[in-house]
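Let me begin by presenting the structure, written as structure tokens, before commenting on it.
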Amino acid sequence: MKFTIQRELLLKPLQMVVGVVERRQTLPILANILVTVKNQQLSLLGTDLEVEMIGRIALSQPAESGQVTIPAKKLLDICRSVPEQALVQFILEENRVVVKAGRSRFVLQTLPAIDFPFFEESPSAHAFEVSQGELRYLLEQTHFAIASQDVRYYLNGMLLELSEQQLRTVATDGHRMAMCTIRLPQINDFQQVIVPRKGVNELLRLLEANDDLVKVTLGQHHVRVESSDFTLTSKLIDGKYPDYHKVLPKPSNRLVNLNRDDFKQALSRVAILSSEKFRGVLIKWSEDALVLEASNPEHEEAEERLEVSYLGASLALGFNVVYLLDVLNSLPPGDVRMVLGENDNSILLESAVLAQGISLYVVMPVLL
Amino acid sequence: MSSTISNYPWQAPLWHDFQQAVTLNRLPHALLLHGLAGTGKGVFAKAMAQALLCEQPLEAMACQQCRSCHLLKIDHHPDAYYLQPTEVGKGIKIDAVRDALAWLALSPQQNRAKVLIIAPLEQLNNAAANALLKNLEEPTANTTLILIAEQPALVLATLRSRCQLWLMPLPTPAESQVWLATQGVTKIEEAWLTQQGPLQLLARHQAGTLDQQQLIEQQLDAFLTQKLALLKFSKSLQSLTTSDALNGLQVAWQRHITLALQSHQQALAQQYCEQLNAIMHLKALALAGANLNWPLQWDALLCQLKP
């Protein structure tokens, strides 16, 4: 294996791949990245066994094909520290790789490529294309509701659901739920996979808010997101996601429309005096106003009044203010519709400006 | 026959059962492999994992050629997880179990199956064992849990009842001797082969501690005929590793029982049996990784053994 590449071209994909490589590896070889040169293309692969990242770069100068694994962190440090615009040359000599840049020369130990546990292609896959921006939006709108270290292990990830012409993400931790849906005419099949938190976070780091298309492949065991420069593969959570439709409150006349920013500011003011442990805020619905109240164990109190029009019966319910603020931070500016379920007391929040159903949030009440 | 298993002829019947279970699709999702030390339970578990994860298994036999087999051989397989103490003699902690459970919740990386091997099971403390229970009952699809124990009686009953028990047989002394001879170990007394598997004897031979067996027996005889002081004997036992010393004592004591029975001294044999219990109890504690004051334990044990 032998190739030459400009420092800047190498640095970005290298940083991307090294980001996945975990510090506390169980296997020594996982501290390495798999470097492959084939058909004038260089690919770098790093994994922590849960997600795998591949960065690809086209080589302009003639290169000799080959495959080997090189210590990731050291390679990154070397590439970072060589002078800007320098040409970096890699030559594999037996089981060591020589890296030359300008007047510097480094010799790194390698491990055989055959020992590297990279992901295998998953069978029975559904594939579709979506723009990076849209996919990013889907994840951004819902990722905060993913449970963390829940014994219901299937909640420690995000549901990605394909159904008739739409793509949907759902996340819940049992106290609140976030759901986001976009239309995607090319989809006809129904499939559900649960992407673990780690995979979601890596995708959020990677995807940019632009219109470039990425190819998403949902396999039996993996999800793979592929663009021209990178491929991210993540394991899936082996389980069945609960039926989230049951959680959505039935439409009722107990609804109010509020300005998002007014509501958000009022909540954050009241939250100052809510109990630090439970973060509870009492919301009172009445004919002409929504009253927010908070108090703490020191008997300090806060109250806010928001003028609204409300037709249902008056009532008061407590909510975790952090959950409400998370939702309001995700909703677009403008008016927000807040609906109380017919029989249960969970609330549904959605934007009153955008078309219905793009992002939906359900928050369960707490006893105060 | 798979090359690894054919090295251990006494495992052949159990391996045959395994093959049948796999071909009939009746392999239990959790199996507890138990048997005396040195019978090759770990090797067997690894061979099972290899067969389950192989890309082109032939009659539940790993091909030894594919990438999966290669990764398993060098212990790099992402779908085989070993849950074991981080240090020899230390327990398996609940955090380690939680990590393993998080791994179990995810899909396999290489598309086939997941194999979780827990060894030695005795080292799992109660909290850790309880954390495992739910997954033992309903593991994810295509998952096999292999639990390894020397003394299943020491394992939490709720855990044991959730597994199918597979006994790894101890080869007969003659079989063991033949096998050990092929490994270049010859000077073995038959009595040694009744309480431990040949692999352990081989390991002790390689570590150069096989002579200790003889030493312990000589010293024990001297001790019982009051030619060796208790404290001196205790000190000499302390200089050995605990498992070696306990195994040595156990083997020697069993020989005494046999001798007593042969000479029809029932009462003496009875007494020896009770004393053997004390040794076994200590052995159980050592297996479970209990943190004991060994000099004190040896003195106490020898006081009980005193004629």
Side-chain angles (χ1 to χ4, degrees), chain A residues 22 24-32 34 45 47-52 67 69 111-125 147-157 192-199 218-224 233-241, chain B residues 29 49-50 53-56 64-84 86 94-117 127 130-145:
Chain A
E22 219 180 345
R24 89 166 221 248
Q25 303 92 9
T26 37
L27 301 174
I29 200 164
L30 293 182
N32 285 14
L34 180 68
L45 184 155
T47 179
D48 67 347
L49 297 183
E50 192 175 326
V51 294
E52 174 187 274
Q67 197 174 39
T69 76
L111 287 167
I114 177 127
D115 293 354
F116 199 82
F118 53 85
F119 279 55
E120 218 172 70
E121 292 263 347
S122 198
S124 67
S148 74
Q149 299 186 336
D150 201 302
V151 281
R152 294 162 293 179
Y153 58 89
Y154 43 83
L155 294 187
N156 297 330
Q192 287 190 328
V193 297
I194 312 173
V195 186
R197 170 185 287 273
K198 173 109 195 213
L218 301 186
Q220 196 187 344
H221 299 302
H222 311 145
V223 54
R224 183 162 286 198
T233 311
S234 167
K235 280 188 176 185
L236 298 174
I237 292 181
D238 219 345
K240 196 169 162 7
Y241 209 74
Chain B
H29 59 258
Q50 195 167 22
L53 297 171
C54 175
E55 284 169 33
Q56 307 138 330
Q64 309 286 347
Q65 308 291 328
C66 64
R67 179 162 162 260
S68 194
C69 284
H70 172 75
L71 287 176
L72 200 106
K73 239 181 274 173
I74 57 169
D75 287 334
H76 276 191
H77 204 293
D79 297 329
Y81 196 105
Y82 295 89
L83 180 57
Q84 51 202 12
T86 41
I94 187 153
D95 287 340
V97 173
R98 290 208 179 108
D99 286 348
L101 292 181
W103 173 83
L104 269 185
L106 295 172
S107 54
Q109 199 214 47
Q110 308 288 333
N111 298 328
R112 273 167 298 275
K114 285 177 285 182
V115 182
L116 175 67
I117 299 177
N130 281 318
L132 259 182
L133 290 180
K134 194 168 154 41
N135 282 70
L136 266 183
E137 205 158 75
E138 318 184 295
T140 44
N142 292 326
T143 307
T144 308
L145 289 94

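Proteins come first, then strands; the chains are lettered A, B, ... in the order of their sequence lines, and each starts at number 1. Source: prediction; values computed, not measured.
- Contact count against chain B (heavy-atom pairs under 4.5 Å) is highest for A:E120 among A:E120, A:E52, A:E50, A:K235.
- Of the listed residues (A:T47, A:L30, A:V151, A:L49), the one with the most heavy-atom contacts under 4.5 Å to chain B is A:L49.
- For the options B:L106, B:N111, B:D75, heavy-atom pairs under 4.5 Å to chain A are most numerous at B:N111.
- Annotation: cation-pi geometry satisfied between B:R67 and A:F118 (NZ/CZ under 6.0 angstrom from ring centroid, within 45° of ring axis).
- Put simply, the side chain of A:H222 gets close to the backbone of B:P108: a donor and an acceptor are under 3.5 Å apart.
- Proximity to chain B (any heavy atom under 4.5 Å) is restricted, for A:P196, to the side chain, taken from C-beta onward.
- Interface remark: of the candidates B:K73, B:K114, B:H77, B:H70, B:H70 forms the most heavy-atom pairs closer than 4.5 Å to chain A.
- Between the A:Q220 side chain and the B:S107 main chain, no donor and acceptor come within less than 3.5 Å of each other.
- Of the listed residues (B:L104, B:T143, B:L71, B:D79), the one with the most heavy-atom contacts under 4.5 Å to chain A is B:L71.
- Contacts of B:N135 with chain A are absent, with no heavy-atom separation under 4.5 Å from either backbone or side chain.
- Of all heavy-atom pairs spanning B:H76 and A:D115, the tightest one is ND1-O, 3.1 Å.
- The heavy-atom pair separating B:T140 from A:Y153 by the smallest distance is CG2-OH, 3.8 Å.
- You'll find the side chain of A:Q149 stays beyond 4.5 Å of the side chain of B:R98, heavy atoms only.
- Neither the backbone nor the side chain of B:E138 comes within contact range of chain A, judged by heavy atoms closer than 4.5 Å.
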